[in-house]
Amino acid sequence: MSYLSNDFDESNGQNDLVIRNGREILFQAFNWESNKKHDWWRNLESKVPDMAKSGFTSAWLPPASHSIAPEGYLPQNLYSLNSAYGSEHLLKTLLQKMKQYKVRAMADIVINHRIGTTQGHGGMYNRYDGIPLAWDEHAVTSCTGGLGNRSTGDNFPGVPNIDHCQEFVRKDITEWLQWLRKSVGFQDFRFDFARGYSAKYVKEYIEGAKPMFSVGEYWDSCNYNDQGLDYNQDSHRQRIVNWINGTGQLSTAFDFTTKGILQEAVKGQFWRLRDAQGKPPGVMGFWPSRAVTFLDNHDTGSTQAHWPFPSNHIMEGYAYILTHPGIPTVFYDHFYDWGDSTRDQITKLMDIRRRQDIHSRSSITILEAQPNLYSAMIGEKVCMKIGDGSWCPAGREWTLAASGHRYAAWQK
């Protein structure tokens, strides 16, 4: 296999600069409906002190640029920061508050596609006249109605896809990313629809703009058979690992493999959580320092619910990702919309993670992986279990640190 050992990058100064120290806890600070709630930037600004106190190191914000669709994922004028989420002034006020409280702002980088302003070749809206980055049809891939090259990835259907092979396109995008970093105040990047263009361009953009932390959305389907999800998802997680390698190992990636397996495991198939080598079965088990784990996001959950985590097992899911290696992400809905009990339980697990210094490269020993029970020891200082099976660690040195419906965590 082409993945590397989880400690390969410890002495690589450049990678450490980009990947950080593995003690990140990310927060997705929006859902699919956030644009419909007035002054979203102002809402988030009021929550920044709480985000910092809770232990989040980085908050992923929705796309801040002008977009034809209010959610932000059909961008047009990249340099306009007046969006459905609020004004440029309110955005910059939020970013200043985040900097003050040392919560890094993650920009949602939507550069696979861009909506044109003017009809050009073939009567398509594939020209960008009258706005900054005034590209012509050569900036659009030939497979989506432009005069550029064929796409280097999968097409995002129905809209002009950007041709990253063009040097002028890459120069303009790099300058825009540098502007987001140096002038606007974003520190981290999340690359949307990373399947749409070659990972080598992500490498170039990271090297050019130097974000403090980057994560890519490389989302494709897990492996299924007639009975449902395959036990072996090695080829699925390998595709994500290949993308990370393609970025020069400068970016992390969302661990869609872990999500797909975990949300089936909690239904009484916990045997899925140990692979054939005895390791975690997602990207976390191959390359934990590059695996950004999560339960749901604005696409999979929220009102879109394309691939939702079962709601009655949410805390089992967080007990898993917040105690395990990798870099965990907490979703806005679960933290702020699901009530004080859920939020308090998530916060307690985050506290255990920080207090016991669990990080992206922590060791893990899987102790049980039965249909109704999963248990593991992480970093020699934390034990946990999920499922309705009975289990607790042996030895008086262990004390119960957190527990709830079908989960528990112990610490030394």
Side-chain angles (χ1 to χ4, degrees), residues 26-48 50-51 56 58-98 103-117 125 128 131-133 156-160 162 176-177 179-180 184-194 196 215 217 219 254 294-309 329-338 343:
L26 310 184
F27 179 57
Q28 180 174 2
F30 66 101
N31 61 33
W32 192 246
E33 304 296 322
S34 297
N35 66 88
K36 297 176 182 174
K37 297 161 185 168
H38 294 296
D39 290 337
W40 190 251
W41 299 143
R42 203 191 302 272
N43 167 50
L44 292 182
E45 190 209 342
S46 70
K47 291 179 166 58
V48 169
D50 184 62
M51 291 181 208
F56 294 113
S58 178
W60 161 23
L61 305 185
S65 292
H66 164 260
S67 168
I68 298 302
E71 296 83 13
Y73 290 99
L74 294 178
Q76 187 175 72
N77 186 349
L78 295 178
Y79 276 98
S80 171
L81 296 178
N82 294 307
S83 71
Y85 297 100
S87 67
E88 177 177 346
H89 171 73
L90 288 175
L91 171 63
K92 289 186 173 179
T93 302
L94 166 62
L95 297 185
Q96 278 295 114
K97 188 79 163 280
M98 293 176 72
V103 179
R104 300 200 309 275
M106 178 180 287
D108 204 328
I109 306 301
V110 187
I111 52 173
N112 174 75
H113 47 272
R114 184 185 177 203
I115 307 301
T117 61
Y125 279 87
Y128 304 88
I131 57 174
L133 309 188
F156 189 88
V159 297
I162 294 171
W176 174 66
L177 295 174
W179 175 74
L180 288 178
V184 180
F186 284 103
Q187 294 173 282
D188 298 349
F189 290 163
R190 178 256 184 189
F191 288 94
D192 178 66
F193 198 69
V215 57
E217 182 207 24
W219 180 13
F254 285 110
F294 71 105
L295 302 187
D296 266 327
N297 60 31
H298 61 294
D299 288 323
T300 67
S302 190
T303 52
Q304 292 209 95
H306 288 316
W307 196 36
F309 201 93
T329 309
V330 174
F331 185 37
Y332 183 95
D333 293 24
H334 302 150
F335 201 70
Y336 283 120
D337 291 346
W338 281 37
R343 180 184 150 175

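The first residue of the sequence shown is numbered 1, and numbering continues consecutively from there.
Annotation for Gly72 and Val110: closest pair O-CG2, 4.3 Å, computed over non-hydrogen atoms. The nearest pair of heavy atoms linking Pro63 to Ser83 is O-OG, 4.5 Å. Residue Ile115 comes nearest to Pro160 through the heavy atom pair CD1-CD, 4.2 Å, listed as atom of the first residue, atom of the second, then distance. Here the shortest heavy-atom pairing between Leu177 and Phe189 reads O-CZ, 3.8 Å. Shortest non-hydrogen contact noted between Gly196 and Asn112 is CA-OD1, 3.2 Å. In terms of heavy atoms, Ser87 sits closest to Asn82 at CA-OD1, 3.4 Å.
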Tell me, with the steps shown, if Leu26 and Phe294 meet side-chain contact (heavy atoms from CB on, under 4.5 Å). CA-CA 9 Å; Leu26 310 184; Phe294 71 105; over 6 Å; no
Val215 vs Thr329, test: side-chain contact (heavy atoms from CB on, under 4.5 Å). Steps then yes/no. CA-CA 11 Å; Val215 57; Thr329 309; over 6 Å; no
Go through the steps for Asp296 and Asp333 under the test side-chain contact (heavy atoms from CB on, under 4.5 Å), then give the verdict. CA-CA 9 Å; Asp296 266 327; Asp333 293 24; over 6 Å; no
Please walk me through it: do Thr93 and Glu45 pass side-chain contact (heavy atoms from CB on, under 4.5 Å)? CA-CA 8 Å; Thr93 302; Glu45 190 209 342; 3.9 Å; yes
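Judged by distance alone, with hydrogens and angles left aside, the side-chain atoms of Ser302 form a donor-acceptor pair with the main-chain N or O of Trp32 at under 3.5 Å. Gln76 places a side-chain N or O within 3.5 Å of a backbone atom of Gly116 that can act as its donor or acceptor partner. A distance-only check finds a donor-acceptor pair linking the side chain of His113 to the backbone of Tyr73 [under 3.5 Å].
In this view, Ala305 and Pro308 satisfy the side chain to side chain contact (heavy atoms under 4.5 Å, CB included) rule, not counting sequence neighbours. For Arg104, the side-chain hydrogen bond (donor to acceptor under 3.5 Å, both in side chains) criterion is met by Glu24, Asp188, not counting sequence neighbours. Taking Asp192 as the reference, Arg190 meet the side-chain hydrogen bond (donor to acceptor under 3.5 Å, both in side chains) condition, with sequence neighbours excluded.
Outside the 6.0 Å centre-distance limit, the rings of Phe309 and His334 are not counted as a close aromatic pair. Phe193 has its ring centre no less than 6.0 Å from the ring centre of Trp219. Here Phe56 and Phe335 bring their ring centres to under 6.0 angstrom of each other. Side-chain rings of Tyr332 and Trp40 approach one another, their centers coming within less than 6.0 Å.
Counted within 6.0 Å of CZ on Arg42, heavy atoms from surrounding residues, nucleotides or ligands total 12 or fewer; the atom is thus considered open. Counting non-hydrogen atoms of neighbouring residues, nucleotides and ligands closer than 6.0 angstrom, the NE2 atom of His306 exceeds 12 such neighbours.
Separating the CG atom in Asn31 from the CD atom in Glu71 is a distance of 10.5 Å, to the nearest 0.5 Å. How far CG of Leu90 is from NZ of Lys92: 12.0 Å, rounded to the nearest 0.5 Å. Here Leu74 contributes atom CG and Ser65 contributes atom OG; the two are 12.5 Å apart, rounded to the nearest 0.5 Å. Distance check, rounded to the nearest 0.5 Å: CG of Leu78 to CD1 of Ile131 gives 7.5 Å. A distance of 8.5 Å separates CZ of Phe27 from CG of Asp50, quoted to the nearest 0.5 Å. Put simply, NZ on Lys47 and OH on Tyr336 are 6.0 Å apart, with the number rounded to the nearest 0.5 Å.
Relative orientation of the Trp41 and Tyr85 rings is tilted, given thresholds of 30° and 60° on the angle between their planes. Note on ring orientation: taking the six-membered ring where Trp is involved, the planes of Trp60 and Phe30 are perpendicular (angle over 60°, cut-offs 30° and 60°). The aromatic rings of Trp179 and Tyr79 sit tilted relative to each other, their planes meeting at an angle between 30° and 60°.
Contact of the Val159 side chain with the Ile68 side chain is not registered, since no non-hydrogen atoms from C-beta on lie closer than 4.5 Å.
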